Amino acid sequence: MGKVVLVTGVARRLGGRFVRRIQREPDVERVIGVDAVPPEHHLGGADFVRADIRHPTIGKLLAEYGVHTVVHMDINGTPLGARGNRASVKETNVIGTMQLFGACQKAPSVQRLVVKSSTNVYGSAPRDPAVFSETTPPKSLPSGGFAKDTVEVEGYVRGFARRRPDVAVCVLRFANILGPCADSPLAEYFALPVLPTVIGYDPRLQFVHEKDAIEVLRIAASEPRRSTLNSGTFNIAGDGVLLLSQAARRLGRPTLPLLLPTLRWARTALRSLGITDFSPEQIRLLTHGRVVATTQMRETLGFEPEHTTAGALADYAHSRGPGLLPPETLARSIDRLAALLPAGAQP
């Protein structure tokens, strides 16, 4: 008989897509999707169980279905629709994870645990190293928000791994996930018609395409392939780095450089209008940036992303349509202006 896989956070689009993908694996017999709210998308042949991982009932599910692999994707930085506010999201991230791991610890059938984490665990500080590896300690631990949640979650992961050394544990630290269906805070930021930035800063950013995110989750949830090891902690990001100014130009979005206190005020105004919510950690990212090394992702996990950082942004941009300053239109305007100028002059 094939194994039973339980996936949390399936009401979000990424979780739903992963559920549909993992069902195609030949060694998977059954997939159980769990979330506190019913998903609006189709889950294929998976069984959906409406359950809140903050409650002890999650342990009954593991025992009832004889779950072999748990893929914990219900770790997020923003609420899902009417699901609740930041406080409820934090409870799910932290209390829900603690409850889930406690249930996994007591379930002898569980043999593999995959956790969707984030490169937010490294924080963003002015004296950060140029590139973070999986073993690089952050210069300044995140003091709040989703970044602090991920630090606490990974602390629970280490505790679980010590108590259940027989379980293969894989932590995937994703860079910002982008793509046509991305619903991350950064995707909301890039959707603004004008991008507020911090004056005097042009941070380096990395992205991972949502298709690559699903594929690496599949690899982590499966038995390791020959000469690879899918237990441990891995940074996940596409090749290359983009400056925020480069990303803005490719999106066709003009930037609005602001002093840091003014940007914080703009964050409050946009939040009150319900347009988007700049978290303090996102403001730090837009100030100092963050770049991670992906050597272990390739050499140990054996995963090679199909999309680069630039490719993930391009696919996202294509799905959102041209901005106020489409790059092609801007280039044609510059060419026409250059043609009108005297020879040797520059526009």
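Fair warning: this is a prediction, and the values are worked out from it, not measured in the lab.
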Decide yes or no on side chain to side chain contact (heavy atoms under 4.5 Å, CB included) for V198 and L258, but give the supporting numbers first. CA-CA 5 Å; V198 182; L258 301 171; over 6 Å; no
Intermediate values then yes/no, side chain to side chain donor-acceptor pair (under 3.5 Å), Q296 and T300: CA-CA 5 Å; Q296 293 302 315; T300 305; 2.6 Å; yes
How far apart are the C-alpha atoms of F48 and I32, what are their side-chain angles, what is the distance that settles it, and do they pass the side chain to side chain contact (heavy atoms under 4.5 Å, CB included) test? CA-CA 6 Å; F48 173 70; I32 313 297; over 6 Å; no
Would N120 and T150 satisfy side chain to side chain donor-acceptor pair (under 3.5 Å), going step by step from the backbone distance to the final call? CA-CA 7 Å; N120 278 321; T150 54; 5.6 Å; no
Show your working on salt bridge (Lys or Arg N to Asp or Glu O under 4.0 Å) between E215 and R218 and close with a plain yes or no. CA-CA 5 Å; E215 180 62 16; R218 182 198 67 80; 2.6 Å; yes
Decide side chain to side chain contact (heavy atoms under 4.5 Å, CB included) for D212 and F303; before the verdict, give the C-alpha distance in whole Å, the side-chain angles of both, and the deciding distance to 0.1 Å. CA-CA 9 Å; D212 289 325; F303 174 66; 3.9 Å; yes
Checking K116 against L14 for the side chain to side chain contact (heavy atoms under 4.5 Å, CB included) test, could you report, in this order, the C-alpha distance in whole Å, the side-chain angles of both residues, the deciding distance, and whether it holds? CA-CA 11 Å; K116 172 183 165 285; L14 189 68; 3.9 Å; yes
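Residues E281 and S124 are not in side-chain contact: their nearest non-hydrogen atoms beyond the backbone lie 4.5 Å or more apart. Residues E304 and R298 have side chains in contact (heavy-atom distance under 4.5 Å, counting atoms from C-beta outward). D315 has its side chain within reach of P180: a pair of non-hydrogen atoms, C-beta onward, lies under 4.5 Å apart. Side-chain atoms of L256 and T197, non-hydrogen and from C-beta on, never get closer than 4.5 Å to each other. Proximity of L186 to F190: side-chain heavy atoms (C-beta onward) are separated by under 4.5 Å at one or more points. In this structure, P305 and H209 have side chains that are not in contact, with every pair of non-hydrogen atoms separated by 4.5 Å or more. Looking only at side-chain heavy atoms (C-beta outward), T119 and Q206 stay at 4.5 Å or farther from each other. Using a 4.5 Å heavy-atom threshold, the side chains of T92 and R54 count as touching.
The pair E29-K3 does not meet the salt-bridge criterion, since no charged nitrogen lies less than 4.0 angstrom from a carboxylate oxygen. Looking at R30 and D47, a side-chain N of the basic residue comes within less than 4.0 Å of a carboxylate O on the acidic one, giving a salt bridge. Salt bridge status for R173 with E134: absent, with no side-chain N to carboxylate O gap under 4.0 Å.
Using modelled atom types, one side-chain atom of R253 and one backbone atom of L251 make a donor-acceptor pair closer than 3.5 Å. Counting only distance, with no hydrogens or angles, the side chain of E188 and the backbone of P185 share no donor-acceptor pair below 3.5 Å. Proximity of a side-chain donor or acceptor of N230 to a complementary backbone N or O of I219 within less than 3.5 Å is detected.
Minimum heavy-atom separation, A107 to R164: O-NH1, 3.1 Å. Taking each heavy atom of P39 and V10 in turn, the nearest pair found is CB-O, 3.8 Å. For D166 against Q111, the heavy-atom pair with the smallest separation is O-OE1, 3.8 Å. Scanning both residues, A248 and T255, for their nearest heavy atoms gives CB-CG2, 3.5 Å. The two residues R17 and R20 come nearest to each other via the heavy atoms CG-NH2, 3.1 Å. Contact record, Y189 with L195: O-CD2, 3.1 Å, taken as the closest heavy-atom pair.
Shown here is E306, whose CD atom has no more than 12 heavy atoms of other residues, nucleotides or ligands within 6.0 Å. For OH of Y201, the number of neighbouring non-hydrogen atoms (other residues, nucleotides, ligands) closer than 6.0 Å is 12 at most.
Neither side chain, H68 nor S109, offers a donor N or O lying under 3.5 Å from an acceptor on the other.
Taking Ile, Leu, Val, Met, Phe, Trp and Tyr as hydrophobic and joining them when side-chain heavy atoms fall under 4.5 Å apart, one finds L259 in a cluster with I199. Think of V292 as one node in a network of Ile, Leu, Val, Met, Phe, Trp and Tyr side chains linked at under 4.5 Å; its network also takes in V121, Y122, F132, V151. Under a 4.5 Å side-chain heavy-atom criterion applied to ILVMFWY residues, the cluster that includes V131 comprises V241, V291 as well.
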